[in-house]
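Have a look at the structure below, then the notes.
Worth knowing before you read on, the calculation uses all heavy atoms, side chains too, and leaves out hydrogens, waters and symmetry mates. Just so we're on the same page: letters track the sequence lines, and every chain starts at 1. If you're wondering where the values come from, they're calculated on a predicted model, not measured in any experiment.
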Amino acid sequence: MKNLLAGIGLSIIAMFVLSACATSGSSDEGDSTGGDGAADKSEVTIAFQENIQTMDPHNGSAGIDNSVQYAIYESMFTPDEDGELQPLLATDYEISDDGLTYTFKLRDDVTFTDGAEFNADAVKANLDRIIDSEGSLNNYKSLRDVEKVEVADDYEVEVTLNNINSQFINKIGMLRMASPDALENDIDFGEESAGTGPFVLEKWNHGDSLVATKNEDYWEEDLPKVDKVTFKPIPEDGSRIAMLKTGEADYIFPVPVNDVESLEAEDNIEVSVVESTYVNYATINTSKEPFNKKEVRQAMNYALNQEDFVKVVKNGYGIVSDSALPATNNYYAAQEPYDYDLEKAKELLADAGYEDGFSTEIWGSDSSKDKRGMQFIQQQLGEIGIDVEIKQMERGTLSDEINKPESAEDSEVEMWYVGWSSQVGDADNATNPLFSSSSFPPNGSNTAYYDNEKADKLIEEGLHAKSEEEAAEKYAELQEILWDDAPWLFTAVDEEPTAMRKGLKGIWRSADGNFYLREVEWE
Amino acid sequence: MGRYIIKRIIGLIPLLLAVSFLIFIFIHLIPGDPARLMAGKDATNDEVEALRTYLGLDKPILEQYFIYMKELFQGDLGHSLRSNAPVTQLFGERFLPSLQLSILSIGWAMLIGILLGVISAVFRGRWPDYFGTITAISGISVPNFWLGLVMIQLFAVQFNIFPAGGIETWKGYVLPSFALGAGIMAMITRFTRSSLVQTLQEDFIRTARSRGLGERAIIFGHALKKSMITVLTIAGLQFGFLLGGSIVVETVFSFPGMGRLLIDSIQFRDYPVVQSLLLIFSLEFILVNLIVDILYGFFNPKIRYN
């Protein structure tokens, strides 16, 4: 029996020794596990949370889809780090005096990676595909107002709108262009790519990684500066951080705010924080008692300590809201804050006839993050006698519950804890689906059932303004009304930490959550 | 035996038909509208409707089922609503990694589990038994996501022996298979031990001893063979579960397996992917059970199938 035991013991020891030899032997080769920071300077690996859903350049919905696609497919314009649009595939554009016709002048030195030429016909083919989809392609929303697209010249396209749209350039300018041949042949965009971008799709292993390699014939000389970019969805926060530490990933986000400090302590890691366009809030159903009284909604806002919200719920990574638009939006106008004031809140409640408070319900997703936010609101509103019950739902169920009622009368939601992210240049998307009376579910996300004629008119006027100044004026007035009417419980705008290996340059995240890597390189 | 297997396989067809119908109905009954989830919160109702029509979700549910079945019989599992990739392709990319991971996990779990179980049974009530018991209890009690994160911290971040995630090389399989197999190893240890302890008290063992057989021959030649029936049942069931993928371990190790595919697809109500995966899981489970049944006969020739 002792022999048996000794035998087993020996074999286990032998196994360990063998496996140790095997692993130390191969890690000397410095393959993918080499985490000494001596990363391969010709490659970049980017890790993020969400899965890549589609590589169809006209159907990206999530921020990740868009960002990955921008490495391969380019748009006529692209934002710089300040959120200003800069020419990319277009060189310039003009708007007709009536504000309805946009003329785009295109670069004449660009070809798609399948050999097709980039010109006015190519742009028309792309826009037509999106318009003809009538909604089955996600980018359709950007072209809702387009009446027709015409080729004016080899490198000139004219787009005519039904209505003036002050936000239009931000929408059409960001649409990705694919080779007209590829569109005609209906290629599988998950298998091959045909863009003009700095990289070419090499291989997409769904759910594991997407590898893009250098476009050798890229139209801008000296770019790209790396040979290969790998995109990896890594759902678990701890794993993503471990991969950055070991060098398996070079650039990661989101970084959980609790881990920022420990990452900053690492020698070869850099953390940066981006002020985002993501607004956190809870909608208050203005069509229901007691929320139909403005005093009640204002009281709720006075009762919520926004600074504490940032500290407790966002671990300090947030900026107190002082408008319905985030400060990162081009049309943002700051308002007089609802300073935390319980006395005033109670007074307002009493004025409205609810000095004893009332009971209500708040809905939200089933994430632990959202739970924390709702618990904070529950605790704060409890201070003025509003008894809040938290109801968390899985996202599909929640979406059904929100969108089932066809009118304000049938609506069941009282408060909804949620958030909204929009493009920096797009004030329409940051107001219309949220505050317009035409956006009651299921037609949009106005779950406050906010119905204000003046606001509706300003949303229209802002969208159809003929000049930037006029639009800015309308949106400023709109923000003032929204702030005073308080259809939301205002909380904070997210600040988003991103972490990368030191020495990586030319990759950056925009406020609206995209990342851009045209000029990515190692120092 | 051959006839038995053929009979079992023919019996699968009505079973799978019933399963496919149930899966289809259940998936369409859970709340959540794929068209709305895909279109986004800023979509108008008309845009959602257009997308629904485009995806074929506006047809009556039974009609959708018949279309699905018709395609299924032609070997077409449909396309993902979300990425438009064929389900067969999505499945193909995940199946092999999941299968390899399952085999590795069950392999080492059985190897170590049976060894520890035998040692515990033979040295019942002495320190090797306590050692085995403690290992087994730890294996069952430690949640595998925690074990996974600790292993990443230790073997990837500190010692840099294995990658923290992904499966570019064979090393990517090591940590996940350990995290996944730990609980099963513990279970097999316990079952081997209790079954062997019982067997060792039976008459035929006493007979074997009285014939002067060596202890090693008795344990490995006679007793363990009988105990294997229990172990095999457990291992077979666990293997069936493993093939379906482990959402938690796959998430921790960013492992491109079936579990993550399933959970991602459920989140977006990607009907074609979810229903095909569930159907395949059912088939796998039935097949594993069939194999276990056949193996019974190998360990105990008295078990006969007619």
Side-chain angles (χ1 to χ4, degrees), chain A residues 1 3-5 8 12 23-24 26-27 31-36 47 51-56 59 61 133-136 138 140-141 188-190 205-209 232-236 238-240 242-243 245-246 248 394-397 399-401 403 420 429 432-433 439 442-445, chain B residues 30-33 36-51 53-55 82-85 89-90 93-94 97 115 119 122-123 128 145 148-149 152-153 156-157 160-169 171 215-216 219 251-256 260-261 264 267-269:
Chain A
M1 186 42 50
N3 291 341
L4 173 68
L5 193 62
I8 292 165
I12 291 175
T23 49
S24 64
S26 48
S27 62
D31 59 7
S32 65
T33 55
D36 50 2
N51 225 338
I52 302 165
Q53 300 292 348
T54 175
M55 285 306 287
D56 184 322
N59 205 20
S61 52
S133 78
E134 289 176 355
S136 66
N138 209 289
Y140 177 79
K141 288 175 226 162
D188 182 347
F189 289 105
N205 304 302
H206 296 258
D208 178 38
S209 63
K232 283 191 164 201
I234 306 291
E236 163 62 33
S239 315
R240 210 177 315 116
M243 289 176 75
K245 287 181 178 168
T246 62
E248 286 166 68
E394 184 273 336
R395 96 191 202 119
T397 315
S399 158
D400 264 15
E401 290 292 318
N403 290 298
W420 191 268
N429 186 255
N432 197 341
S439 297
N443 252 318
S445 283
Chain B
I30 38 175
D33 172 3
R36 187 164 293 283
L37 292 173
M38 276 172 73
K41 286 186 218 153
D42 53 347
T44 64
N45 215 21
D46 291 345
E47 284 158 6
V48 176
E49 287 303 330
L51 187 58
T53 310
Y54 175 76
L55 297 172
R82 194 81 189 139
S83 68
N84 203 30
Q89 183 200 341
L90 293 176
E93 286 170 349
R94 311 286 187 116
L115 264 180
I119 294 171
V122 171
F123 295 93
F145 71 90
L149 285 174
I152 288 177
Q153 194 56 37
V157 179
N160 236 314
I161 306 172
F162 297 110
I167 49 164
E168 269 102 65
T169 63
K171 287 187 200 170
E215 199 66 12
R216 205 182 308 180
I219 290 166
T251 303
V252 170
F253 289 100
S254 322
F255 189 93
R260 262 174 72 201
L261 179 60
D264 285 348
Q267 268 174 7
F268 284 105
R269 304 292 189 269

Can you tell me which portion of [X] sits under 4.5 Å from chain B's heavy atoms? Options are side chain, backbone, both or neither.
X	result
Asp208(A)	both
Glu401(A)	neither
Asp56(A)	neither

Is the shortest side-chain N to carboxylate O distance from Arg269(B) to Glu394(A) below 4.0 Å? yes
Residues Asn59(A) and Arg82(B): side-chain donor-acceptor under 3.5 angstrom: no
Short side-chain to backbone donor-acceptor contact, Arg94(B) and His206(A), under 3.5 Å: yes
So, Glu248(A) side chain and Pro163(B) main chain: donor-acceptor pair closer than 3.5 Å or not? no
Could you tell me which portion of [X] (side chain, backbone, both or neither) has an atom closer than 4.5 angstrom to a non-hydrogen atom of chain A?
X	value
Asp264(B)	side chain
Ala85(B)	side chain
Leu261(B)	neither

Looking only at heavy atoms and a cut-off of under 4.5 Å, which of Ile52(A), Asn432(A), Ile234(A) has the most pairs with chain B? Ile234(A)
I'd like to know which of Ser209(A), Ser445(A), Pro442(A) tops the heavy-atom pair count under 4.5 Å against chain B. Pro442(A)
Identify the heavy atoms of Trp420(A) and Pro433(A) that sit nearest to each other, and give their distance. CZ2-CG, 3.8 Å
In terms of heavy-atom pairs under 4.5 Å, which option from Gln89(B), Glu47(B), Gln153(B), Met38(B) contacts chain A the most? Glu47(B)
